[in-house]
Enquirer: 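Pasting a structure below so you can have a look.
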Amino acid sequence: MTYKFVPPYIKDITPYPPGKPIEEVERELGIKNSVKIASNENPLGTSPRAIKAIHKALRTLNRYPDGSAFYLKNALSALHRVPPESLIIGNGSNELIELIIRTFIQPGDEAVISDPSFLIYSITVKAAGGKSVIVRLRDDYSYDIKGVLRAVTKRTRLIFISNPNNPTGTIIGKKEYAWLLGNIPPHVIVIDDAAYREFVQSADYPDGIDELRGKDRNLIVLRTFSKLYGLAGLRIGYGVTTGELAGYIDRVRQPFNVNTLAQTAAIAALGDRVFVNKTLANNREGLRYLYRALEHMNIPFIRTQANFFILRVAPFLSGRQAFDALLRKGVIVRDMTSYGLGDYIRINVGTPSENRKFIRELGALLKARL
Ligand SMILES: *Cc1c(COP(=O)(O)O)cnc(C)c1O
């Protein structure tokens with residue numbers, strides 16, 4: 001260690017726990033055809049319409065992308081009935097999280113973040129020299145909205161909510177959402193990360209975009225093409241907010257932050273009703289199957305509004321042990337230790353055969369432990 005000038009708040013960051021490439025894991029363990037249900041990806045692949053559009057766009061890669069994302073913004077504007085000026089497009093919604101933090105947080109400013117929630121929020125706040133103020137979820141893993149508001153100080157600029165929340169799959173209901181928006185002071189912006197919005201089945205889910213239509217609110221709703229549309233590898237997401245806030249974020253953005261293939265694929269994916277419906281049906285049916293199987297095995301889990309959920313492998317195993325043992329059997333799940341949930345693993349809904357393989361291997365594992 002010779003470099004002594006790195007900012008202390010950068011040194012202090014716990015890096016986001018990366019996973020190894022599936023091919024490498026298989027090579028090391030000498031296994032094949034493993035099932036990955038660890039990252040909430042679309043188990044059915046990518047929207048076929050998007051793939052077709054990508055093929056066509058390959059010929060234009062000598063050109064820089066459309067820096068204003070003109071056609072994509074028009075498509076999203078029509079879909080959500082909001083003006084194109086209120087949209088921001090990012091290299092994944094993760095980039096938007098970073099741009100928002102860099103736009104609104106100065107060193108020493110605070111962001112209120114719930115725990116357990118998406119790890120990226122606090123890492124990125126830290127990287128900007130900001131301070132994360134952590135509010136625990138309630139015992140039933142729902143958001144403590146009152147606690148969130150109590151945590152607001154003069155230095156607070158952002159409140160992050162993940163709705164549905166990753167990793168718990170829980171949602172904030174309409175009443176609490178409205179109460180939060182109605183009670184934030186004018187120096188605070190709510191970031192509503194709705195990455196899993198399309199999977200929600202509850203009628204009590206508040207769509208943040210409705211709150212923005214024709215209204216001026218300090219609210220940014222984030223959406224992504226990574227999950228429902230199966231475009232995680234291409235990196236594209238968007239935000240809906242007011243024209244004013246979108247304008248500030250746009251000043252921080254690199255002019256060509258979203259590549260051509262991603263923009264083209266996103267427009268095509270928005271029109272792929274067949275793929276969307278297949279994905280949602282697979283998710284509903286997969287959840288029904290997994291819930292029933294886990295109940296049968298007496299394994300506690302948290303009911304989800306998304307395409308993933310957490311289940312408790314203790315007292316038989318720790319989450320880490322379950323992760324390791326399942327990996328050896330060719331099932332890749334997410335160990336929740338880094339989220340402070342050492343007794344849990346998180347899985348996403350896979351294809352029917354992937355779901356069955358998971359249940360089979362988990363069952364065998366627990367039997368061996370009994
Ligand atoms: C997966 C996920 C996203 C999506 O991120 P991208 O950068 O758009 O791939 C955003 N927020 C949460 C909470 C997620 O789990």
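Sequence positions, counted from 1, serve as the residue numbers for this chain.
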Enquirer: Taking only residues two or more places apart in sequence or in another chain, which ones pass side chain to side chain contact (heavy atoms under 4.5 Å, CB included) with Glu24?
Expert: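 Partners of Glu24 under the side chain to side chain contact (heavy atoms under 4.5 Å, CB included) test: Lys20, Pro21, Arg27, Glu28.
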Enquirer: Just to verify, what does Thr124 make a side chain to side chain donor-acceptor pair (under 3.5 Å) with, not counting sequence neighbours?
Expert: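 Per chain and number, Thr124 pairs via side chain to side chain donor-acceptor pair (under 3.5 Å) with no residue.
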Enquirer: Considering only NZ, NE, NH1 and NH2 on the basic side and carboxylate oxygens on the acidic side, decide whether Glu198 and Arg223 come within less than 4.0 Å.
Expert: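 Salt bridge flag = yes for Arg223 with Glu198.
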Enquirer: Strictly by modelled atom types, are Ser202 and Asp204 linked by a side-chain donor-acceptor pair under 3.5 Å?
Expert: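 No.
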Enquirer: Could you identify which residues cluster with Leu44, counting Ile, Leu, Val, Met, Phe, Trp and Tyr as linked when any side-chain heavy atoms lie under 4.5 Å apart, either directly or through a chain of such contacts?
Expert: Phe275
Enquirer: Quick one: list whatever passes side chain to side chain contact (heavy atoms under 4.5 Å, CB included) with Leu137, sequence neighbours left out.
Expert: Ser114, Pro116, Tyr141, Tyr143, Asn165, Thr168
Enquirer: Closest approach of Arg63 and Thr260, non-hydrogen atoms and distance?
Expert: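 Taking every non-hydrogen atom into account, O-OG1, 4.3 Å.
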Enquirer: So, Arg346 versus Asn166: side-chain donor-acceptor pair below 3.5 Å or not?
Expert: yes
Enquirer: Indicate, with yes or no, if the rings of Tyr205 and Tyr177 have centres closer together than 6.0 Å.
Expert: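 No, the ring of Tyr205 stays outside the 6.0 Å limit from the ring of Tyr177, centre to centre.
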Enquirer: Side-chain polar contacts of residues 239-253 - donor-acceptor pairs under 3.5 angstrom, sequence neighbours left out - could you list them?
Expert:
{"from": "Thr241", "atom 1": "OG1", "to": "Leu219", "atom 2": "O", "distance (Å)": "2.8"}
{"from": "Thr242", "atom 1": "OG1", "to": "Leu245", "atom 2": "N", "distance (Å)": "3.1"}
{"from": "Glu244", "atom 1": "OE2", "to": "Tyr248", "atom 2": "OH", "distance (Å)": "3.0"}
{"from": "Asp250", "atom 1": "OD1", "to": "Arg253", "atom 2": "NE", "distance (Å)": "2.7"}
{"from": "Asp250", "atom 1": "OD1", "to": "Arg253", "atom 2": "NH2", "distance (Å)": "3.3"}
{"from": "Arg253", "atom 1": "NH1", "to": "Gly67", "atom 2": "O", "distance (Å)": "3.1"}
{"from": "Arg253", "atom 1": "NH1", "to": "Pro255", "atom 2": "O", "distance (Å)": "3.3"}
{"from": "Arg253", "atom 1": "NH1", "to": "Asn257", "atom 2": "OD1", "distance (Å)": "2.9"}
{"from": "Arg253", "atom 1": "NH2", "to": "Gly67", "atom 2": "O", "distance (Å)": "3.0"}

Enquirer: Can you give each donor-acceptor pair under 3.5 Å made by side-chain atoms of residues 319-332, sequence neighbours left out, with the distance rounded to 0.1 Å?
Expert:
{"from": "Gln321", "atom 1": "OE1", "to": "Ser318", "atom 2": "N", "distance (Å)": "2.8"}
{"from": "Gln321", "atom 1": "OE1", "to": "Ser318", "atom 2": "OG", "distance (Å)": "3.4"}

Enquirer: Among all residues two or more places apart in sequence or in another chain, which pass the side chain to side chain contact (heavy atoms under 4.5 Å, CB included) test with Glu110?
Expert: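 Lys131, Val133, Thr153, Arg155, Thr156.
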Enquirer: Taking ring-ring contact (aromatic ring centres under 6.0 Å, His included) as the cut-off, I'd like each qualifying pair that reaches into residues 36-64, sequence neighbours left out, listed once.
Expert: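 Sorted result for residues 36-64: Tyr64-Phe256.
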Enquirer: Can you list every pair that meets ring-ring contact (aromatic ring centres under 6.0 Å, His included) and has a residue in residues 96-118, with sequence neighbours left out?
Expert: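 Pairs touching residues 96-118 that pass the test: Phe118-Tyr121.
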Enquirer: Taking only residues at least two apart or on different chains, which pairs with a member in residues 295-319 satisfy ring-ring contact (aromatic ring centres under 6.0 Å, His included)?
Expert: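 Every pair satisfying ring-ring contact (aromatic ring centres under 6.0 Å, His included) with a residue in residues 295-319: Tyr196-Phe308, Tyr291-Phe301, Tyr291-Phe309, Phe301-Phe309.
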Enquirer: For Pro300, which residues count as a side chain to side chain contact (heavy atoms under 4.5 Å, CB included) partner, sequence neighbours excluded?
Expert: Arg312
Enquirer: Name all residues meeting the salt bridge (Lys or Arg N to Asp or Glu O under 4.0 Å) criterion together with Lys357; count only those two or more places apart in sequence or in a different chain, and write none if there are none.
Expert: none
